[in-house]
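The structure appears right after this line, and notes come after that.
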Amino acid sequence: EGKVEFRDVHFAYESNREILKGISFEVPAGKTVAIVGPSGAGKSTISRLLFRFYDIKSGQILVDGQDIRDVTQESLRSAIGMVPQDTVLFNDTIAYNIRYGRVDASLDDIREAAELAQIGGFIQGLPDGYKTMVGERGLKLSGGEKQRVAIARTILKAPPILMLDEATSALDSHTEREIQAALDTVSRGRTTIVIAHRLSTVIGADEIIVLKDGRIAERGRHADLLSKG
Ligand code: ADP
Ligand code: ADP
C-alpha cells in the first residue's frame with residue numbers, strides 16, 4: 001500500500017509556460033525517492049500535483065494504481081502526510097497542534113509521537129505569539145522545533161505516503177541531526193518522497209531524481225550520481 005506513479009506528466013500554471021515537461025517516476029510502496037535540483041526546477045510543483053491542488057495538462061498521476069482524478073480530495077489527504085518546510089502552528093498548546101486532525105488521539109498517543117519527534121519536553125507549552133485576553137505569551141520555537149511539531153503530527157496521523165520538504169535554511173548541525181533522526185523515524189516503512197536541497201541528506205534514498213527546468217536530468221542512487229560527477 002502506498003505506491004506512487006507519475007507518468008509523462010506535463011503541467012503549466014499558465015497556459016503558455018510549461019513547468020513540468022514530461023515527468024515519469026515510480027515510488028514503490030515503502031521506498032524513498034528524493035527529488036533534488038535548483039530552485040525553480042519544479043520540485044514543489046510535483047508535491048502540489050500529488051495533492052491535486054492543480055490539474056495536470058497531460059499524463060497521469062496514480063496512487064496504488066488509481067488515477068488521483070478518481071480519488072476524493074479527502075482520501076488523498078488522509079493517504080498522504082505532508083511535512084512542510086514552514087509549519088504554521090495554531091493558537092493552542094503544542095499537544096493540540098500535534099493532535100491536529102486526529103481528534104480521537106489520546107494524550108498517550110500524542111506523547112509518544114512527540115517523543116519520537118524529539119519534542120517530548122514541551123508538549124504542554126504554547127506556541128510563540130499565543131494570544132490571551134491580556135496579551136501574547138508562549139514559547140519561542142525555532143524553525144527546527146516547529147518542523148518537529150509537524151513531524152510529530154505526521155507520526156500520529158501515520159499515513160502510508162509521506163511528502164517531506166526539507167528545510168532550505170541553514171540549521172545548526174545539532175538541530176539538523178535531530179530533525180534527520182526524527183524524519184528517519186517517520187519515513188521508516190512508508191512510501192516517501194523527499195524534496196531535498198542537498199544530496200548529502202538523501203544518501204540512503206532508493207532513487208534520486210535530479211530535476212532541471214521541468215525535466216529529469218539525471219536519476220540513480222547516490223553513489224551512481226557521484227560517479228557521474
Ligand atoms: P522548486 O520547488 O524546484 O523551487 P517550483 O515548483 O516552486 O520550483 O516552481 C517551478 C516554476 O513554477 C518556477 O518557475 C516558479 O516561478 C513557477 N511557479 C510556482 N508556483 C507558481 C504559481 N502559483 N503560478 C505561476 N508560476 C508558478
Ligand atoms: P497545516 O495546514 O496547518 O500546515 P498540515 O501540514 O498537517 O497542517 O496540512 C494538513 C494537510 O494539508 C496535509 O496533510 C496535506 O494533505 C495538506 N497540505 C498542507 N500543506 C501542504 C502543502 N504545502 N502542499 C501540499 N499539501 C499540503
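All ligand and atom numbering here is 1-based and tracks the order in the structure. Keep in mind that what you see is a predicted model, and the values were worked out from it rather than measured.
In this structure, a donor-acceptor pair under 3.5 Å is present between the side chains of Ser106 and Asp109.
When heavy-atom distances to ligand 1 are checked against 4.0 Å, the residues falling inside are Tyr13, Glu14, Arg17, Ile19, Pro38, Ser39, Gly40, Ala41, Gly42, Lys43, Ser44, Thr45, Arg48, Tyr54, ordered by chain and number.
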Under the salt bridge (charged side-chain N to carboxylate O under 4.0 Å, His left out) criterion, do Asp104 and Arg102 qualify, and how do the steps go?
-> CA-CA 5 Å; Asp104 59 319; Arg102 276 278 326 261; 3.1 Å; yes

Going through the checks in order, is the salt bridge (charged side-chain N to carboxylate O under 4.0 Å, His left out) test met by Lys21 and Asp213?
-> CA-CA 8 Å; Lys21 303 166 180 169; Asp213 191 26; 3.1 Å; yes

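The salt bridge (Lys or Arg N to Asp or Glu O under 4.0 Å) contacts involving residues 31-47 comprise nothing, where partners must be two or more places apart or lie in separate chains. Screening residues 179-192 for salt bridge (Lys or Arg N to Asp or Glu O under 4.0 Å) gives no qualifying pairs among residues at least two apart or on separate chains.
Under the rule for a ring pair (Phe, Tyr, Trp, His ring centres under 6.0 Å), the partners of Phe11 that lie at least two apart in sequence or sit in another chain are Tyr13, Tyr54.
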